[in-house]
Amino acid sequence: MSIDLGNPRVISEEEKAVLLASPRGYCAGVDRAVITVEQALELYGAPIYVRKEIVHNKHVVGDLRERGAIFVNELDEVPSGATVVFSAHGVAPTVHTDAAARGLKTIDATCPLVTKVHLEARRFALQDYDILLIGHAGHEEVEGTMGEAPEHTQLVEGPADVANLVVRDPAKVVWLSQTTLSVDETMETVAALRTRFPEMIDPPSDDICYATQNRQLAVKEISEDTDLVIVVGSGNSSNSVRLVEVALEAGARDAHRVDDASELQDAWFEGVGSVAVTSGASVPEKLVEGVLAALTERGYPSPQIVHSADESLIFALPKELRRDLKAAGR
Ligand code: SF4
């Protein structure tokens, strides 16, 4: 018996197009965290210890490792007296306490927008609210935020969790969220929470950060009716993984996440005319350039940039590092 596999449609040069999302790639918090480790290496010399991946991108981590950064999971892997950088995702207060007890010099590269959520959690806990934190179990940011008020905080991963929640006073409930979630999915979870707890209050301002929101908006703009969306980003990068989901929900016929151009697969391009490209908030632009070069090799034209938001935010380096840079006359 022969099986007819069919012939993939041949795409003419005229039908091929590449859309490139803007904004994409590095956000202000990632930029600051990476520069923090680079400057610490220059100022204090290698090795510099970093608790967890400084940002969720394997190329960035690999590059810093080559330059003398040592990534550890927990502080007990750091020799006493050494310098340790806390990642952009933030840490629980117990981590600061442990570091002080072990005599470690710390540089806190937590993104200020994650710190903002920590401060909200602390404030609502002081006011004795039950905090419903929407986020992904096991994500470092969630562990750090929950650590601010463990007695007051419950994790909500999605609408399915809502029925099982137990709060002390339904009139004193607030929801907060991880900074890198899908805006649309989070709103579905909030709606389910609101049905169960009508008096629940909202965070004082958006917890899902500007960079996450802008990259989701940008991927929506390039996904509608597009044959294939390529998202550059690592598998443990929450915001990169969300971009694939958002692309498919926005109408892309297919979407894949790749760490770099080497992961592009021939089968994805069969019969594909329009390709759109974007990248997560922890992705260096050279990786996007690599994907665009691979598209050129496959006969696709230069990209057309689709601009959907302006970004100009820059964060100052952590104060401990600024102080030491200044003392060193840099
Ligand atoms: S994705 Fe948002 S919260 Fe995370 S580091 Fe970037 S700006 Fe900060």
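When a ligand or atom number is given, it counts from 1 through the structure's own listing order.
Listed here is the closest heavy atom pair of Arg257 and Glu263: O-OE1, 4.4 Å. Between Leu104 and Val78, the shortest heavy-atom contact is CD2-CG1, 3.8 Å. Heavy atoms only, all atoms of each residue included: Ala316 and Arg32 are closest at O-NE, 2.6 Å.
Protein heavy atom in closest approach to atom 3 (S) of ligand 1: Thr179 OG1, 3.4 Å. Closest protein heavy atom to atom 2 (Fe) of ligand 1: Cys209 SG, 2.3 Å. The protein atom (non-hydrogen) at minimum distance from atom 7 (S) of ligand 1 is Cys27 SG, 3.6 Å. Of all protein heavy atoms, the one closest to atom 8 (Fe) of ligand 1 is Cys111 SG, 2.3 Å.
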Under the criterion side-chain contact (heavy atoms from CB on, under 4.5 Å), I'd like the reasoning laid out for Lys58 against Asn236: C-alpha separation, chi angles, the key distance, then a yes or no. CA-CA 9 Å; Lys58 75 173 196 185; Asn236 61 346; over 6 Å; no

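For ligand 1, the atoms sitting less than 4.0 Å from at least one non-hydrogen atom of Tyr210 are 7 (S), numbered in the order shown with element in parentheses.
For the pair Asn57 and Ser237, the minimum side-chain heavy-atom distance is 4.5 Å or more.
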